[in-house]
Visitor: 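Please see the structure below; I have some questions.
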Amino acid sequence: MPELPEVETSRRGIEPHLVGNSIQYAIVRNSRLRWPVSEQIKRLSDEKILSVQRRAKYLLLELEKGWIIIHLGMSGSLRILLEELPEEKHDHVDLVLKDGKVLRYTDPRRFGAWLWCEDLETSSVLAHLGPEPLSDEFNAQYLFEQAAKRKIAIKPWLMDNKVVVGVGNIYANEALFAAGISPEKITNTLTLEQSIELVTQIKKVLQRSIEQGGTTLKDFLQSDGKPGYFAQELFVYGKKGEPCLMCGTLILSIKQGQRSTFYCPNCQR
């Protein structure tokens with residue numbers, strides 16, 4: 001699944017082609033995604049794009065009359081085409097632009113979403129989201145205070161979008177390793193010192209991944225078709241049975257909340 005760095009990479013990739021451009025019309029070949037494609041999107045005509053933003057894993061296209069909210073789901077991707085090209089099997093949505101370019105959405109598993117909203121304040125999918133992990137709002141004091149309210153394993157807790165958005169499975173694993181914290185540590189035992197280190201590492205891991213264009217594991221591609229390269233820098237994720245790059249201890253794997261967790265039992269006490 002594309003995580004926050006992949007979504008941010010997509011945003012940066014499509015933004016120069018969209019902002020200031022206009023949507024001439026939309027082509028919806030298959031509206032049966034996670035939720036049906038909004039009827040307002042199907043009727044778009046001569047709509048100027050004012051900005052391309054991101055909230056959590058949602059891409060937000062700001063138009064003069066409202067917002068297109070896009071989620072890439074499990075396998076979705078966006079590409080900029082220089083012209084209209086014949087569609088392939090899983091090309092579900094096109095935005096045909098005034099300058100002849102096309103924003104094409106491809107999604108083999110159809111778990112993504114294309115929704116319309118006139119006011120983001122009223123969007124049910126954006127309500128109740130926690131702070132952005134790269135924002136000043138997400139800091140050690142905030143994390144320490146939130147952790148003190150719960151008594152669960154820290155790794156699945158970090159993946160709760162009500163706590164902080166966009167820290168998915170890959171990056172939760174990597175940040176906990178970098179901070180030297182066990183994924184099984186109970187949240188209300190987290191110290192302020194550990195909170196400082198964990199926030200620092202979450203920001204570093206996410207920023208490094210964004211700089212390298214996202215993590216390619218299965219089917220993520222950037223808007224220009226090039227893969228991300230952060231997978232080359234992973235320390236623990238997907239490394240079960242391999243020696244830890246820091247100490248040589250074999251990486252272990254457990255299940256937490258139906259997701260695989262990878263950690264070094266020596267480095268993460």
Side-chain angles (χ1 to χ4, degrees), residues 1-8 53-58 71 120-210 215 230 233-240 244-247 249 251-269:
M1 174 188 292
E3 299 196 28
L4 185 149
E6 288 77 31
V7 178
E8 177 62 20
Q53 302 178 33
R54 180 191 55 76
R55 179 70 172 110
K57 298 180 186 179
Y58 292 94
H71 195 286
L120 294 183
E121 297 276 333
T122 66
S123 171
S124 60
V125 298
L126 300 180
H128 311 302
L129 291 177
E132 290 284 332
L134 298 178
S135 69
D136 292 339
E137 185 182 355
F138 181 64
N139 54 53
Q141 188 62 39
Y142 166 82
L143 191 71
F144 177 68
E145 291 176 358
Q146 294 298 311
K149 300 175 184 178
R150 298 298 306 276
K151 194 176 181 180
I152 62 174
I154 193 167
K155 190 259 189 168
W157 178 75
L158 278 177
M159 295 172 60
D160 184 348
N161 280 328
K162 294 180 182 178
V163 176
V164 57
V165 300
V167 183
N169 197 31
I170 299 170
Y171 302 105
N173 277 280
E174 292 297 309
L176 285 168
F177 172 78
I181 296 173
S182 168
E184 297 182 287
K185 184 176 181 63
I186 301 302
T187 49
N188 66 358
T189 67
L190 192 71
T191 67
L192 182 57
E193 182 179 13
Q194 289 173 320
S195 299
I196 293 170
E197 183 63 17
L198 183 54
V199 166
T200 299
Q201 295 304 330
I202 288 172
K203 291 177 184 286
K204 283 184 176 180
V205 166
L206 290 172
Q207 190 59 53
R208 193 163 70 248
S209 181
I210 291 170
T215 304
F230 187 70
E233 291 195 3
L234 297 177
F235 282 88
V236 290
Y237 185 84
K239 306 281 188 179
K240 179 182 178 181
C244 172
L245 295 176
M246 302 300 292
C247 72
T249 303
I251 300 297
L252 301 181
S253 177
I254 58 174
K255 286 287 186 180
Q256 290 183 301
Q258 299 182 331
R259 304 298 296 276
S260 294
T261 293
F262 301 89
Y263 68 102
C264 172
N266 183 54
C267 294
Q268 297 171 259
R269 301 274 179 147

Visitor: Can you run down the side chain to side chain donor-acceptor pair (under 3.5 Å) pairs that involve residues 120-130, sequence neighbours left out, and say none if there aren't any?
Guide: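 As it turns out, there is no side chain to side chain donor-acceptor pair (under 3.5 Å) pair with a partner in residues 120-130 once direct neighbours are skipped.
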Visitor: With the side chain counted from C-beta on, respond yes when P183 and Q256 share a heavy-atom pair under 4.5 Å apart, and no when they do not.
Guide: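 The answer is yes, as the side chains (C-beta and beyond) meet within the 4.5 Å cut-off.
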Visitor: Scan the side chains in residues 191-199 for donor-acceptor partners under 3.5 Å anywhere in the protein, sequence neighbours excluded, and list what turns up.
Guide:
residue	atom	partner	partner atom	Å
T191	OG1	Q194	N	3.0
T191	OG1	Q194	OE1	3.4
Q194	OE1	T191	N	3.1
S195	OG	T191	O	2.9
E197	OE2	Q201	NE2	2.8

Visitor: Would a distance-only check, ignoring hydrogens and angles, find a side-chain to backbone donor-acceptor pair under 3.5 Å from N173 to F262?
Guide: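 Side chain of N173 to backbone of F262: a pair is present.
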Visitor: What residues, two or more places apart in sequence or in another chain, satisfy side chain to side chain donor-acceptor pair (under 3.5 Å) together with Q141?
Guide: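 Scan of Q141 (side chain to side chain donor-acceptor pair (under 3.5 Å), adjacent residues dropped) gives E145.
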Visitor: Side-chain donor-acceptor contacts of residues 146-159 below 3.5 Å, not counting sequence neighbours, with atom names and distances?
Guide:
residue	atom	partner	partner atom	Å
K155	NZ	N169	OD1	2.3
K155	NZ	S260	O	3.4
K155	NZ	T261	OG1	2.9

Visitor: Partners of N266 by side chain to side chain donor-acceptor pair (under 3.5 Å), sequence neighbours excluded?
Guide: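 So N266 forms a side chain to side chain donor-acceptor pair (under 3.5 Å) with R269.
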Visitor: Is there a side chain to side chain contact (heavy atoms under 4.5 Å, CB included) between L190 and L143? Walk through the geometry before answering.
Guide: CA-CA 9 Å; L190 192 71; L143 191 71; 4.3 Å; yes
Visitor: For the pair E174 (side chain) and V236 (backbone), establish whether a donor and an acceptor sit closer than 3.5 Å, ignoring hydrogens and angles.
Guide: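 Present.
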Visitor: Could you list the residues that satisfy side chain to side chain contact (heavy atoms under 4.5 Å, CB included) with L129, not counting sequence neighbours?
Guide: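 L129 satisfies side chain to side chain contact (heavy atoms under 4.5 Å, CB included) with R55, A56, L126, N161, V165 only.
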Visitor: Please list, chain by chain and in numerical order, all residues satisfying side chain to side chain donor-acceptor pair (under 3.5 Å) with S135, sequence neighbours excluded.
Guide: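 With neighbours one apart ignored, the set is empty.
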Visitor: Mind checking side chain to side chain donor-acceptor pair (under 3.5 Å) for Q53 and listing every partner two or more places apart, or none if nothing turns up?
Guide: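 Q53 satisfies side chain to side chain donor-acceptor pair (under 3.5 Å) with S51 once adjacent residues are dropped.
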Visitor: Using the salt bridge (charged side-chain N to carboxylate O under 4.0 Å, His left out) criterion, which residues pair with R54? Sequence neighbours excluded.
Guide: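 Salt bridge (charged side-chain N to carboxylate O under 4.0 Å, His left out) check on R54 returns E8, E132.
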Visitor: If you take all heavy atoms of P265 and L252, which pair is closest and at what distance?
Guide: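 Shortest heavy-atom separation between P265 and L252 comes out as CG-CD1, 3.8 Å.
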Visitor: What I'd like to find out is whether the side chain of I202 reaches to under 4.5 Å of the side chain of V164, using heavy atoms alone.
Guide: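 No - every pair of side-chain heavy atoms lies 4.5 Å or more apart.
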Visitor: Can any side-chain N or O of E137 pair as donor or acceptor with the backbone N or O of P131 at less than 3.5 Å?
Guide: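 No.
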Visitor: Between E6 and K57, does a side chain to side chain contact (heavy atoms under 4.5 Å, CB included) hold up when you go through it step by step?
Guide: CA-CA 9 Å; E6 288 77 31; K57 298 180 186 179; over 6 Å; no
Visitor: Over all heavy atoms of both residues, which pair between E3 and G168 is shortest? Give the atoms and the distance, please.
Guide: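 Minimum heavy-atom separation between E3 and G168: OE1-CA, 2.8 Å.
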Visitor: I want to check something: taking the side chain as every heavy atom from C-beta on, are K185 and L176 in contact at a cut-off of under 4.5 Å?
Guide: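 Contact flag for K185/L176 side chains = no.
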Visitor: According to ring pair (Phe, Tyr, Trp, His ring centres under 6.0 Å), who are the partners of Y58, at least two apart in sequence or on a separate chain?
Guide: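 Partners of Y58 under the ring pair (Phe, Tyr, Trp, His ring centres under 6.0 Å) test: H71.
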Visitor: Could you note down all residue pairs passing ring pair (Phe, Tyr, Trp, His ring centres under 6.0 Å) where residues 176-202 supplies at least one of them, sequence neighbours left out?
Guide: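 Counting only pairs at least two positions apart or across chains, the ring pair (Phe, Tyr, Trp, His ring centres under 6.0 Å) contacts touching residues 176-202 are F177-F235.
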Visitor: Within the distance-only criterion (no hydrogens, no angle test), does the side chain of Q268 pair as donor or acceptor with the backbone N or O of I181 below 3.5 angstrom?
Guide: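 Yes; at least one donor-acceptor contact below 3.5 Å.
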